[in-house]
Structure formats: structure tokens, C-alpha cells
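First the structure, in the form of C-alpha cells, and then the observations on it.
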Amino acid sequence: MNNVVYIISGPTASGKSLIAYYLAKRIDGEIVNCDSIQLYKYMDIGSAKPSEKAMSEVKHHLYSIEDPSQNMTVAEYRKLAIGTINEILSRGKTPIVCGGTGLYLNAILYDMDFGAVPDDEERRQELEHLAEERGSFYMHEYLQGLDPEAAARIHPNNTRKIIRAIEAYEYGKGIKNLSDCPLNPDYDFRFFALTMEREWLYDRINRRASRLISEGLVDEVSGLLEMGYSPDLPSMKGIGYKEIIGFLRGEYDLFDAKELIMRNTRHYAKRQYTWLKRYDFVKWIEITKGETVGGVVDRILNS
RNA sequence: GCUCAGAUAGCUCAGUAGGUAGAGCAGGGGACUGAAAAUCCCCGUGUCCCUGGUUCGAUUCCGGGUCUGAGCA
């Protein structure tokens, strides 16, 4: 049975969605979202979801499937993504995973085992309060006593990861090392990452921020707030959302909000590069100015 | 035109009681197993505006100049 799975990744604003869409048309593929924010409903403009036209011409999976009040997790995403990929393959089509969320990419690429660590909101809040009272260093010491190996891998200032490791320990699983996983043997991956000159990418990022605002990002965000979604929700912490919330609260003007979005998006793109560079088997597709989408797709198919 | 204030990293500024300088932001690099667009770590040499003077030594003190801002005319 054919088990080819294309992956189109790359930093934000590098043109993943468009390339994936053209690739899908060329090889009769279907797109599987691998972007943590595009999974959410009502967050269309800020997360730069694919166009209506693209969505109507090519099957797009895992877009707008979760309510913003819900908390998506890697474990959950893995189940959904693997299920979708298998379903597409069973119909004889080719899945094209598209997105730049590194951890979610890992969940597909590697045979990751997420133990049964149930959600325990109460315990998490307890630990968060403890961290606030006693400080991050104290929490790290505490983890040191429970799981020295995990403590050695986590920086004492990284409260969030320390708490997660404590939770995992308490459910008897401990936290695993990301680089210890074997590649997922079920698929024949064709893994590509788009890239371009840094200056050009930043220019695209800046211009996209302006475009999102002129396309109605402010209305989208105030709509979400009116629907009752709290600014504290993980979904509302996405780039574009948190900055517009600050503007709506009167913390700064729209110009500054836009500048913040640009800056935070640039930082994010940098982190994405760091993540992607760890994969020694990824094929980088360097896009040059003036190159056609068709040309890029050709290069992907020929490599 | 006069008076005053300023001129230091890409930007905003601190500082050196005279021994060639450091923060924030920007920028660069990195980590990552259930929040990941999250969270966290590392990276600071630049004619200290120019030019004379004093001094062993001036970015720092003094004189002159240039530019910028405010006030007065």
C-alpha cells in the first residue's frame, strides 16, 4: 500500500499554505493542518488560514475543528492527525501535512508515546500557586527530588516545563526526552521546509501584519471577546490575538499593536528555524524572488 | 541672532569623582514529549559629534566649531 506523506513546513509567512495547495492540485492530494492556531474555530484572519477558494478546491483537514475555549494538546493532535492521514491513504489519496508547529510535526514524524496522563486542572493550579509563592527555583529543586533526569534537562527558570514534569512524574510516567524517539515507521515521508532570505521573510511578515489588520483582525478579536472567550485561554495567546487584546484594553494604540505583532512574528519565525534545523533529514527549499509557485512545486516533486 | 540643554551600540538612554564604557529594545544563536504562535537559555568594541588646549593619559575638564531640541527675540 502506498504510504507517501508529504510535509510542507517552514517559518511563518514563507508561503506554506499556497505551496501545499498547488502541490495538492498537482498530485491529487489532501491537506492536513499542522498549525496549532489554525485548529481553532473563529480564528481565521489572525492565524492566516488558507483562502476560501483553496479550501473549496482541495480538501483541507483539521482546520477550525476546536472551540477556542478548549485546550488542544499534542497527544490529542497526534490522534487526530494520524487518524486523518490513515483515512486519506485508505482512499488512495496523498496526505500533505502543512504547518509550522514543531512539536506537532514531531508527533507525526516520530513514534511518540504519550502515556495516559489525564488532565488535572486542579493539581496544575495548585502547582502554579506554589510556583508563584516559592519561586521557580524552589520548584526545580522539588523536581530534582522526584525526577533528577528531567530536572537536569529543564532550566530552573522554566516554570512551565518544571510543572509539566512534576505532573508527569505524579502520574507515574515521567517526562521523556524528545530526541529519544524513533522515526514513525508507518509512512514514507517527503519532508520539506520552505525558506528564503531572512530580510525578505521579515518584509513578508511585516506586510502580512498590516494586511491582517486591514482585513479586519480587530473585529475578529473583539468578536471573540464578545463571544466570551477569555484572554487567558491558550488560543487567545496566539500572535495577533494577544496584541490586539492589549490595544482593545487601551494599553497602546493600533500602530503599536501592529509593531508588536510584527516583532513577535519575527521572533516566532526564528524559533521555527531553530526547531526545523534539528531535523537532519528535512529537505530545504530555498525560494527566490520572482520564482513561480509552479516552479517551487516542480522542485519539490523532483527532489 | 541670543540663551540654555543635548550629541555615547541599529534605536532610546545610563555612565566614567580623568585610566577608552553598559542597560532596555531591535538583531543573532540555542533548548524543547500533553499550554508549543507557548515557555525558557545564551550573545554587547562602539571614530563615546569634530577640533585645539590642560594632562603621563580626555569620551569625561576648558576653548572653538558643527548639528539637534527648547526658550527668547
Side-chain angles (χ1 to χ4, degrees), chain A residues 11-13 16 33-40 43 46-49 66 68-80 99-121 123-125 127-128 131 136-137 139-140 147 149-150 152-171 173-182 198-199 202 205-206 208-209 212 232-244 256 259-279:
Chain A
T12 184
K16 300 184 287 294
N33 173 40
C34 186
D35 178 301
S36 62
I37 302 292
Q38 291 181 348
L39 289 163
Y40 291 107
M43 307 183 97
S47 74
K49 279 179 196 164
E66 185 75 290
S69 64
Q70 298 303 303
N71 218 347
M72 180 53 76
T73 66
V74 211
E76 169 84 17
Y77 175 78
R78 184 171 207 274
K79 255 184 259 168
L80 291 168
T101 299
L103 183 60
Y104 288 8
L105 236 36
N106 263 47
I108 295 172
L109 283 165
Y110 293 96
D111 204 7
M112 293 173 80
D113 169 33
F114 298 102
V117 179
D119 270 358
D120 189 341
E121 203 48 46
R123 180 59 181 150
R124 175 165 289 186
Q125 285 188 1
L127 289 168
E128 277 171 357
S136 183
F137 193 72
M139 299 305 283
H140 192 258
D147 186 347
E149 257 176 65
R153 287 204 310 270
I154 302 173
H155 192 278
N157 286 352
N158 204 340
T159 315
R160 178 172 289 190
K161 282 188 175 159
I162 294 168
I163 289 177
R164 174 60 202 154
I166 293 170
E167 286 174 357
Y169 177 84
E170 287 177 348
Y171 286 104
K173 296 294 266 186
I175 208 149
K176 288 184 186 164
N177 194 335
L178 195 56
S179 44
D180 287 346
C181 290
R198 187 68 65 99
E199 208 179 313
Y202 281 6
I205 286 172
N206 293 164
R208 188 169 78 176
L212 298 183
D232 297 326
L233 290 165
S235 58
M236 297 289 268
K237 294 273 170 62
I239 298 168
Y241 295 92
K242 57 171 179 278
E243 296 85 355
I244 294 296
D256 289 340
E259 293 289 316
L260 280 172
I261 292 172
M262 290 173 178
R263 188 196 70 187
N264 291 337
T265 308
R266 276 182 251 127
H267 288 172
Y268 174 48
K270 231 162 72 68
R271 273 178 274 132
Q272 287 177 302
Y273 269 119
T274 300
W275 188 284
L276 289 166
K277 278 189 256 178
R278 74 193 289 141
Y279 303 116

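Note that the structure is predicted; figures quoted are calculated from it, not measured. In what follows, chains are A, B, ... by sequence order, proteins preceding strands, each numbered from 1.
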Would you kindly check whether a donor in the side chain of [X] faces an acceptor in the base of [N], or vice versa, at under 3.5 angstrom?
X       : N      : result
E128(A) : A35(B) : yes
K270(A) : G29(B) : yes
K161(A) : C32(B) : yes

### Query
Using atom P of each nucleotide, how far apart are C49(B) and G15(B) to the nearest Å?
15 Å
### Query
Under 4.0 Å between a side-chain N or O of Y241(A) and OP1 or OP2 of A37(B)?
no
### Query
Just to confirm, is there a sub-4.0 Å distance from OP1 or OP2 of U39(B) to any side-chain nitrogen or oxygen of R164(A)?
no
### Task
Report yes or no: is the cationic atom of R278(A) (NZ for Lys, CZ for Arg) under 6.0 Å from the centre of the six-membered ring of W275(A), at an angle within 45° of the ring normal?
yes
Report the distance from atom [atom1] of [X] to atom [atom2] of [N], rounded to the nearest whole Å.
X       : N      : atom1 : atom2 : value
E66(A)  : A37(B) : CD    : C1'   : 16 Å
Q38(A)  : A37(B) : CD    : C1'   : 10 Å
K237(A) : C40(B) : NZ    : P     : 11 Å
L127(A) : A35(B) : CG    : P     : 13 Å

#### Entry: RNA chain B: stems of at least 3 consecutive Watson-Crick or G-U pairs whose donor-acceptor distances fall under 3.5 Å
B:1-7 with B:66-72, B:10-13 with B:22-25, B:27-31 with B:39-43, B:49-53 with B:61-65
### Message
I'd like to check the salt bridge (Lys or Arg N to Asp or Glu O under 4.0 Å) partners of R123(A); sequence neighbours left out, ordered by chain and number.
### Response
E126(A), E170(A)
